[in-house]
Each structure stands twice: as structure tokens, then as C-alpha cells.
Amino acid sequence: MELEVTADQVANAAFTLFSATTEEMKKPVEQWLNTFRDTRAAWGISEQLVRSPSVPIDIAFFGAMTLQHKVRLQHGCDDAYRACRYCEI
């Protein structure tokens, strides 16, 4: 199931995640962002977040990390912290 989301929705969710003060506030947003991260739409929206000069740096960083996650998965890197034959850390 593909989520239909906009860059503004993702930016707002990331902002909420980064500014949340309790786990109760973070958990549902983190789950939603993880679901988003695995969609095809995440490619374009994450690129928008990275390229937009009006996006705060922490939101652009979230976009960059989402792109990194997607590239690593595409190359078969199942662990974000372990190097694979395509990705050297």
C-alpha cells in the first residue's frame, strides 16, 4: 500500500519527531515516517527536502538519510551500519 503524502507532510512529521519531548509523542510519528521511507514516493519527496533552500537543515538531513536508506536497500545492504560490497563506511 502506497501512502499519498506531500513534502510538507513529511517535513512536519520530521519536525514533530525531532521536537517531541516524550516517547508517546515520538512513537506514532516515527512509525509513520518509517512507513513513508519504504514507499516509492520517498525518492522524490526526500530529494525535494534536500534541494529546497527554505527547508531547515534538520529536515533536509532527514531527507538525505532517507535517500541513503533507499540506496542502501536497493544495493542489498540490509544493515544501515554495516558495509556491503557496494557501500563503504
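No hydrogens, no waters, no symmetry mates; every other heavy atom, side chains included, goes into these values. Residues take their numbers from the sequence shown, with the count starting at 1.
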Side chain to side chain contact (heavy atoms under 4.5 Å, CB included) against Thr16, all qualifying residues, sequence neighbours excluded: Val29
Could you go through residues 46-64 and list every donor-acceptor pair under 3.5 Å that involves a side-chain atom there, pairing it with any protein atom two or more places apart or in another chain?
residue	atom	partner	partner atom	Å
Ser46	OG	Ala42	O	2.7
Glu47	OE2	Arg51	NE	2.7
Glu47	OE2	Arg51	NH2	3.3
Ser52	OG	Ser54	N	3.3
Ser52	OG	Ser54	OG	3.0

Table please: side-chain donor-acceptor pairs of residues 20-28 below 3.5 Å, with sequence neighbours left out.
residue	atom	partner	partner atom	Å
Thr22	OG1	Met25	N	3.2

message: Are Met65 and Leu73 connected into the same hydrophobic cluster when the rule is that any two of I, L, V, M, F, W, Y join if their side-chain heavy atoms are below 4.5 Å apart?
response: no
Reported CG-to-CZ distance for the pair Leu33 and Phe36, which is rounded to 0.5 angstrom: 7.5 Å
query: What are the two closest heavy atoms between Ile45 and Val10, and how far apart are they?
result: CG2-CG2, 3.8 Å
field: Min side-chain heavy-atom separation Arg37-Asn34 under 4.5 Å
entry: yes
query: Taking all non-hydrogen atoms of both residues, which atom of Trp43 and which atom of Lys70 are closest, and how far apart?
result: NE1-CE, 3.1 Å
